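Structure first, then comments.
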Amino acid sequence: MHTFLIRGGVPLQGDLRCPGAKNSALPVLAASLLPVGKTVIRGAPAITDTESAVRILTHLGAVCERQGRELTVDAGGDVTGVIPEDLMREMRSSFIFLGALLARTGFAEISLPGGCEIGQRPIDLHLYAMKRLGAVVTQEAGRIRCEAPNGLTGAKIHLSFPSVGATENAMIAAALAKGETAIENAAREPEISDLADCLNAMGADVRGAGGSSVRIRGVKALHPCVHRIIPDRIVAATFLLAGAITGGSVRVMDVIPGHLGPIPDLLEQTGCRVETGPDSVALTAAKRPVSVGTVRTMPYPGFPTDAQAPFTAYLGLCRGTGVVIETIFESRYKYVAELSRFGARIRTDSRMAVVEGVDAYVPANALAPDLRGGAALVLAALAAPGESRIEGARHIDRGYEPLEISLGSLGADIRRI
Ligand code: EPZ
């Protein structure tokens, strides 16, 4: 199991580029199952979740190739609709293939994703959407079968929660359904709009993505396309927080500043200087950062739940008391116990964390409990003067290209062992 060895206390300085978004690459990879032929995906991040998705696509019958950050997926041959248990276990979000399998083959069999480190991850909204489109859904012993032998039919789908994955599965399945689909209370994340752009480049007819009502007019067939993934807003936020927490100055390039939501403004409220360019955000850390009031995670365009852990690690060094409320996932504070080893003074109570700023973190050995919690621990280790070890790098590698390279390019002393 890989471990990061970090000698912290060094202010990070410099520029770095933001890679493509994991949470856009995954649904776009699923959508590449729809057209017969070779879809080219540019800017796909080199992370283990995309490798897992490629393994699933290959198992389903697609031919995949990777050259650097360019992936080609040839779904020309026969595609099966069954994702085996072991591959489902490898990546929780494999249920993102449900809509594509159903639309392409009329059949999909997946296993329940099973809870993960941050919550139970139910898929009731996904199954509701598939049923609304005419699929017959049966469930036995943790395996889910969806069947639509005569194809899918457009319908009105009203999501009780603006679920990102359920919105994506519904859009992908509806693209080849007969007639029109309306998704109400759809998720508005930038990754939804990116998926819509990719589907429309394939010849689909998706309108309104990015808003709460998405309309899809089904078409007979889709053709391959070339699609460039949008930048990863969570990785960009993590890089900016690395500059803020180490007292340095960092400029992240190739970003879409608007996708960062409230984060630049919150960083300024703590005392950082933030300059936004057309495709970059530059931060100079505050000398003595001050805490912000209450930060509440919300669906986009609110504060993103995926940035909650890294932001809380930074908040732990801001003078005063901050309150974080995690409204999206039910157990996304697993990393707090590990963060306390660095001297953080945080009390959690179900969805709330009360963060009392301390003057400095001390080096520690910690274990990453999940992807974003692991990133939070790396930030704490970068701030703590001395040598820290973060075990469980595999969690972090799921969503970040090798941090020893990206953060290393900013002067961080970080090695993988
Ligand atoms: C996506 O997960 C992201 N993953 C998550 O990123 C992100 O945290 C989340 O959206 C919210 O922005 C990918 O895109 C691959 P949801 P998803 O469906 O689609 C409940 C990361 O760190 N819910 O919007 O699973 C669910 O339990 C990952 O990059 C249901 O109740 O998120 C949760 O409380 C973590 N029933 C809430 O909705 C359902 O059928 C938000 O889930 C589906 C979801």
Side-chain angles (χ1 to χ4, degrees), residues 19-31 44-45 47-50 52-53 56 90-99 110 112-132 137 139 144 146 157-172 183 185-195 212 229-230 232-238 259 261 297-311 325-332 334-335 350-351 368-376 395-400:
K22 164 176 88 80
N23 293 346
S24 188
L26 295 177
V28 162
L29 281 164
I47 54 177
T48 55
D49 263 10
T50 30
S52 302
I56 291 172
E90 201 178 297
M91 186 179 73
R92 302 286 176 230
S93 19
S94 343
F95 50 79
I96 193 59
F97 288 93
L98 185 59
I110 63 170
L112 271 175
C116 69
E117 308 79 6
I118 61 174
Q120 193 220 342
R121 310 304 292 270
I123 58 170
D124 56 306
L125 298 176
H126 298 246
L127 300 180
Y128 156 74
M130 296 305 112
K131 284 179 194 163
R132 291 291 295 157
V137 178
Q139 182 171 335
I144 304 234
C146 296
I157 296 169
H158 198 116
L159 295 176
S160 57
F161 180 87
S163 154
V164 170
T167 303
E168 291 166 344
N169 260 325
M171 283 164 64
I172 292 171
I183 306 173
N185 196 25
R188 296 186 280 163
E189 275 68 4
E191 293 76 26
I192 304 285
S193 303
D194 200 30
L195 173 62
S212 293
I229 302 289
I230 57 170
D232 193 313
R233 58 198 169 98
I234 307 302
V235 171
T238 308
H259 288 176
T297 66
M298 293 296 277
Y300 191 87
F303 188 97
T305 174
D306 294 343
Q308 180 258 100
F311 191 82
I325 301 176
E326 171 55 61
T327 73
I328 306 290
F329 286 105
E330 64 270 26
S331 62
R332 208 163 191 178
K334 285 219 173 61
Y335 66 92
S350 92
R351 290 186 180 243
D370 57 63
L371 164 55
R372 306 301 176 186
H395 290 292
I396 301 167
D397 294 337
R398 281 189 42 220
Y400 293 90

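Being a predicted model, the structure only gives us computed values, none of them experimental. Along the sequence shown, the residues carry numbers beginning at 1. Both ligands and their constituent atoms are indexed starting at 1 by order of listing.
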Could you go through the side-chain contact (heavy atoms from CB on, under 4.5 Å) check for I144 and L127 one step at a time? CA-CA 9 Å; I144 304 234; L127 300 180; 3.7 Å; yes
I157 vs Y128 side-chain heavy atoms within contact, under 4.5 Å: yes
Using a threshold of 4.0 angstrom between heavy atoms of the protein and any atom of ligand 1, which residues qualify? K22, N23, L26, S93, F95, I118, R121, P122, I123, D124, L125, H126, F161, S163, V164, G165, T305, D306, I328, F329, R332, L371, R372
Answer yes or no: is there a side-chain heavy-atom contact under 4.5 Å between E168 and L26? no
Qualifying residue, where the test is side chain to side chain contact (heavy atoms under 4.5 Å, CB included) with R372 and the options are Y400, F311, Y335: Y400
Within the 4.5 Å heavy-atom criterion, are R332 and D370 side-chain neighbours or not? no
Quick one: does S160's side chain get under 4.5 Å of L125's, heavy atoms only? yes
